[in-house]
2 protein chains.
Amino acid sequence: MYRIEFNDFFTSAFSVDCIIFGYSHGEIKALLIKRAMEPFENLWAIPGDLIYPDEDLEEAAERVLFELTGLKQIAMHQSQTFGKPNRHPQGRVITVSYFALIRIDDFEVKASSWAGDVQWVSLENMPALAFDHNHILSSTYEILKLKLQNEPVCFDLLPERFTLNEFQQLYEFAFDQAFDKANFRKKIKYIPLIAHDEKQQNVKHRPAKLFSFDKKTFEEATVNNSYTFKM
Amino acid sequence: MYRIEFNDFFTSAFSVDCIIFGYSHGEIKALLIKRAMEPFENLWAIPGDLIYPDEDLEEAAERVLFELTGLKQIAMHQSQTFGKPNRHPQGRVITVSYFALIRIDDFEVKASSWAGDVQWVSLENMPALAFDHNHILSSTYEILKLKLQNEPVCFDLLPERFTLNEFQQLYEFAFDQAFDKANFRKKIKYIPLIAHDEKQQNVKHRPAKLFSFDKKTFEEATVNNSYTFKM
DNA sequence: TTAAATTATTGTCCAAATTACAATAATTAG
DNA sequence: CTAATTATTGTAATTTGGACAATAATTTAA
């Protein structure tokens, strides 16, 4: 009987894929690159690449994201690992996906390395992507929705100063349902927000007050176990 | 400048690690094996091994678990991927962890292949494990606790027929706090349980009624969106 | 300057859930 | 038959949640 030797296993590669979500004009979007190399040349894809043999996973995710899109200093979190034997046409490649939420307007993106283009694409209008990336993306979006319900990640997507309506609309988009304004405000009663004197600009009606998330107070409350985020 | 070629990357291996949780005598336990080979010979470890080059991840998890412990037909779910460059002393090995919850008494375990022994070990009494397995285990336990709050996985751990107190005690153990009996029963009011005529045996006091989880009704209610599990 | 239009913000009422605690019921052990 | 023990159910006060209404602040157009 053929006995597989230890080194026969060392014939695979790992990649990372970085799913970056943003929010603008009332829509959640993902940052995609246009592949300027084979395989899947000219198709849109989640930014990702192979991991160096001596590189840590998270470090690789940061490097790859920077090389392809110019984004740096983004806190990324591991989500899932995809490893169907034939998901990569050139060999066995298992990919570990990382994801992050950012404020689109706070960062500038620029395609480089083998990325021919980079764009924010609305989740509602997603083209066919390279590899199994449509699957990875939708599966990661489900994780995002879970986090929106249980962690204050909404403030990573919203602008630093936001109106309570913008806050509400983000949840209405993600969960595809309308909420009552008065009740939404009651629900967020315990989330520490800083009310600013500043108001919304350039609107054709009574401008709303701007708020920002009081992260420090929130974190004090959670280490105390005196509060848990629930939406 | 040295240019890394595509094939330079194909020098790594993947493994799967299977974290199997069980519950008995009021404690949550994990199934461990004693390594009968280098590295870390004679240390306890999470059952796991390298993935074949053409094998799907989940398939590998099932095979490895069976080979080492004799367990089969266990529904396993992916949790996290660990890939620090030096986590394996013999080369770059990234490991994908899977986990499952089972009823200890419903299965027989038996060490085989290179597992010298197999044992259920209480989480409260965990020795130093091989590789980064203590880290993997505690990180997976956090995921289990999250699931206990949001999915009816408690019934995978409890015996098929259980008393309401046993049900409550599982949560009291996992979250290390006591709950009021009457209020616990109100909280679980919407979880479909089947009440049996049968009662607890061999106790020195009034025996409690036995219940089992009505999975079918639960699933009908969740596809309807008429109920979501929350503890 | 003013009224209409529009949206922001706050309040009220009722139903439902949560909490703390008490009362009652069913067993076993002697 | 009684005490001890635990199971099970009930109550009352409080808090939360949802539907809906009222009021406030601003812009626009006459």
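Quick note on labels: first sequence line is chain A, next is B, and so on, each numbered from 1.
- Regarding B:Lys209, its NZ atom lies at a distance of 11 Å from the C1' atom of D:dA7, rounded to whole Å.
- Rounding to whole angstrom units, CD of residue B:Gln200 and P of D:dT6 are separated by 11 Å.
- Sequence neighbours left out, the pairs with a member in residues 128-157 of chain B that pass salt bridge (Lys or Arg N to Asp or Glu O under 4.0 Å) are B:Arg87-B:Asp132, B:Glu142-B:Lys145, B:Lys147-B:Glu151.
- In this model, the phosphate group of C:dT27 is approached by a side-chain N or O of B:Lys199 to a distance below 4.0 Å at OP1 or OP2.
- Between B:Phe211 and B:Phe162, the distance from one ring center to the other does not fall under 6.0 angstrom.
- Of the two residues near DNA chain C, A:Ala182 and A:Lys204, the one whose nearest nucleotide lies more 5' is A:Lys204.
- If you take CD of A:Glu166 and C1' of C:dA8, they are 13 Å apart, rounded to a whole angstrom.
- Proximity of a side-chain donor or acceptor of B:Asp180 to a complementary backbone N or O of B:Asn183 within less than 3.5 Å is detected.
- With sequence neighbours excluded, no residue forms a side-chain hydrogen bond (donor to acceptor under 3.5 Å, both in side chains) with B:Gln169.
- Residue A:Lys181 has a polar side-chain atom (N or O) positioned under 4.0 Å from OP1 or OP2 of C:dA8.
- Rounded to an integer number of Å, the gap from CZ of A:Phe167 to P of C:dA8 is 15 Å.
- Where A:Asp180 and B:Asn183 meet DNA chain D, the nucleotide closest to each residue was compared, and B:Asn183 sits on the side nearer the 5' end.
- In this structure, the NZ atom of B:Lys230 is 12 Å from the P atom of C:dT18, given to the nearest Å.
- Listed in residue order, the members of residues 185-198 of chain A having a heavy atom less than 4.0 Å from DNA chain C are A:Arg185, A:Lys186.
- Counting to the nearest Å, the C1' atom of D:dC20 and the CZ atom of A:Phe184 are 19 Å from each other.
- Rounded to an integer number of Å, the gap from B:Gln169 CD to D:dA7 C1' is 12 Å.
- A ring-centre distance under 6.0 Å is found for B:Phe184 and B:Phe167.
- In this model, no side-chain donor or acceptor of B:Asn165 finds a partner on the base of D:dA7 within 3.5 Å.
- For a distance-only test at 3.5 Å, the side chain of A:Arg206 qualifies as a donor-acceptor partner of the base of C:dA8.
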### Task
Might you work through the side chain to side chain contact (heavy atoms under 4.5 Å, CB included) test for B:Leu158 and B:Tyr23, ending with a clear yes or no?
CA-CA 7 Å; B:Leu158 290 168; B:Tyr23 179 67; 4.1 Å; yes
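- Between A:Phe82 and A:His135, a ring centre-to-centre spacing shorter than 6.0 Å is recorded.
- As a whole-Å value, the separation of B:Gln168 CD from D:dT6 C1' is 13 Å.
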